[in-house]
Amino acid sequence: MTVSAAGAGQIIWVLGVVAWYVIRYPFARRAKRLRVIQDQRSKIETIGLAAALLGLAVVPGFYVATGIPRMADYPAHAWAVAVGTILYIAAMWIFRRTHKELGKNWSITLEIREKHQLVSSGPYALIRHPMYTSFLLMGLGQAFLLSNWVVGLAGLLGFAILYFLRVDKEERMMLEYFGPEYRAYMDRTKRIIPYLY
């Protein structure tokens, strides 16, 4: 039995989403044990998180399960699946490293937890928001793995909405909490792309 390039891309995408969940789940459980001392959740943040979930999970998941919207399909190529696989592996590696470095500081929403520390090791040595970097790589990987214009763009759009609605607010929160220490950290790092942006 042979698997088409489109089928291989879909299988790899599903495995990537499973890996995402397996990585995140234990950190989400641990994070609930620490008291939140500052919470900046808002409707805007909820919209951003929902957009990312829709673009990176719901829309592509629906497509993989049903093939809809077929009218936006285009021919799949083995080289595109290979590129998508590399991007997804890189995304999961950064995603895992980010969670590991954050440890108890991790939160899905904009929160400061008890004994919160400024993390500047691992991927945080070069960029301030490697979690967003992993989402960007997931969106790019999805665009290569799933040969459908709507689904490919959905991941990138979901990432962009989350990023632009949230990152400035996140940095303001960190500046308020860590003050000059975070300002100095901002001066020596980029946001999501090492040495560039």
Side-chain angles (χ1 to χ4, degrees), residues 13 16-17 19-20 23-24 27-28 31 36 38-42 44-57 80 82-113 115-145 152-197:
W13 179 84
V17 171
W20 179 92
I23 292 166
R24 173 150 285 181
F27 290 93
V36 174
Q38 186 179 343
D39 183 350
Q40 293 196 12
R41 282 182 283 187
S42 67
I44 294 292
E45 182 187 10
T46 302
I47 290 167
L49 289 168
L53 181 65
L54 276 169
L56 291 166
V83 170
T85 302
I86 292 166
L87 289 167
Y88 236 90
I89 289 169
M92 290 304 104
W93 182 79
I94 293 170
F95 192 68
R96 170 75 176 129
R97 286 290 312 272
T98 300
H99 279 76
K100 193 167 177 56
E101 293 298 327
L102 284 176
K104 294 178 181 179
N105 295 307
W106 178 83
S107 174
I108 195 168
T109 60
L110 296 181
E111 296 173 336
I112 300 288
R113 297 188 175 276
K115 299 179 182 175
H116 207 100
Q117 297 175 333
L118 178 60
V119 176
S120 59
S121 55
Y124 288 93
L126 296 174
I127 49 179
R128 298 189 296 280
H129 306 285
M131 191 81 67
Y132 295 108
T133 305
S134 71
F135 291 157
L136 173 58
L137 290 171
M138 284 174 67
L140 289 169
Q142 179 175 305
F144 281 98
L145 290 171
L153 293 175
L156 293 171
L157 181 61
F159 155 76
I161 291 170
L162 174 65
Y163 178 79
F164 288 110
L165 288 180
R166 189 167 160 175
V167 75
D168 286 334
K169 189 174 180 181
E170 189 170 336
E171 291 201 330
R172 281 195 304 273
M173 182 181 77
M174 300 301 276
L175 276 168
E176 286 171 14
Y177 189 75
F178 290 108
E181 185 183 5
Y182 194 76
R183 176 63 66 190
Y185 175 61
M186 289 176 77
D187 289 342
R188 67 178 186 268
T189 56
K190 297 296 184 183
R191 271 188 167 175
I192 60 171
I193 303 172
Y195 310 109
L196 294 175
Y197 172 75

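Heavy-atom minimum distance, Ile127 versus Pro194: CG2-N, 3.5 Å. For the residue pair Thr133 and Ile192, the shortest heavy atom distance occurs at OG1-O, 2.6 Å. Taking all atoms of both residues into account, the shortest heavy-atom contact from Pro130 to Ile94 is O-CG2, 3.4 Å. Nearest heavy-atom pair, Ile161 versus Gly48, reported as atom, atom and distance to 0.1 Å: CG2-CA, 4.2 Å. For the residue pair Ala52 and Leu162, the shortest heavy atom distance occurs at CB-CD2, 3.8 Å.
A distance of 12.5 Å separates CG in Leu126 from CD1 in Ile193, rounded to the nearest 0.5 Å. Rounded to the nearest 0.5 angstrom, Leu56 CG and Met138 CE are separated by 5.0 Å. To the nearest 0.5 Å, atom NZ of residue Lys100 and atom CD1 of residue Ile23 are 12.0 Å apart. Taken to the nearest 0.5 Å, the OG1 atom of Thr189 stands 8.0 Å off from the NE2 atom of His129.
Under the salt bridge (Lys or Arg N to Asp or Glu O under 4.0 Å) criterion, Arg96 pairs with no residue at all, not counting sequence neighbours. Every residue two or more places apart in sequence or in another chain that forms a ring pair (Phe, Tyr, Trp, His ring centres under 6.0 Å) with Phe159 is listed here: Tyr163. Listed by chain and number, the residues in a side-chain contact (heavy atoms from CB on, under 4.5 Å) with Ile44 are Ser42, Leu165 (sequence neighbours excluded). Every ring pair (Phe, Tyr, Trp, His ring centres under 6.0 Å) that His99 has, sequence neighbours left out, goes to Phe27, Phe95, Trp106. Taking the side chain to side chain donor-acceptor pair (under 3.5 Å) definition, one finds that Arg183 meets it with nothing, sequence neighbours left out. Remark: Val119 engages Glu101, Leu102, Asn105, Ser121, Tyr124 in a side-chain contact (heavy atoms from CB on, under 4.5 Å) (not counting sequence neighbours). Contacts of Asp187 classified as salt bridge (Lys or Arg N to Asp or Glu O under 4.0 Å), with partners at least two apart in sequence or in another chain: none. Ser120 meets the side-chain contact (heavy atoms from CB on, under 4.5 Å) test with Tyr185, Arg188; sequence neighbours excluded. The side-chain contact (heavy atoms from CB on, under 4.5 Å) check on Leu53 picks up Ala57, Val58, with sequence neighbours excluded.
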Mind listing the side-chain donor-acceptor pairs of residues 83-93 below 3.5 Å, one per line with the distance, residues two or more places apart or on another chain?
residue, atom, partner, partner atom, Å
Thr85, OG1, Val81, O, 2.7
Tyr88, OH, Trp13, NE1, 3.4

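Without hydrogens or angle criteria, Gln142 side chain to Ala154 main chain gives no donor-acceptor distance under 3.5 Å.
For residues 124-145, the set of pairs meeting the salt bridge (charged side-chain N to carboxylate O under 4.0 Å, His left out) definition, not counting sequence neighbours, comprises Arg128-Glu171. The salt bridge (charged side-chain N to carboxylate O under 4.0 Å, His left out) pairs that include a residue from residues 134-143 number zero, where partners must be two or more places apart or lie in different chains.
Note on ring orientation: taking the six-membered ring where Trp is involved, the planes of Tyr177 and His116 are perpendicular (angle over 60°, cut-offs 30° and 60°).
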Check your understanding: Where do Tyr197 and Lys190 land on the side chain to side chain contact (heavy atoms under 4.5 Å, CB included) test, with the steps shown first?
Key -> CA-CA 5 Å; Tyr197 172 75; Lys190 297 296 184 183; 5.6 Å; no
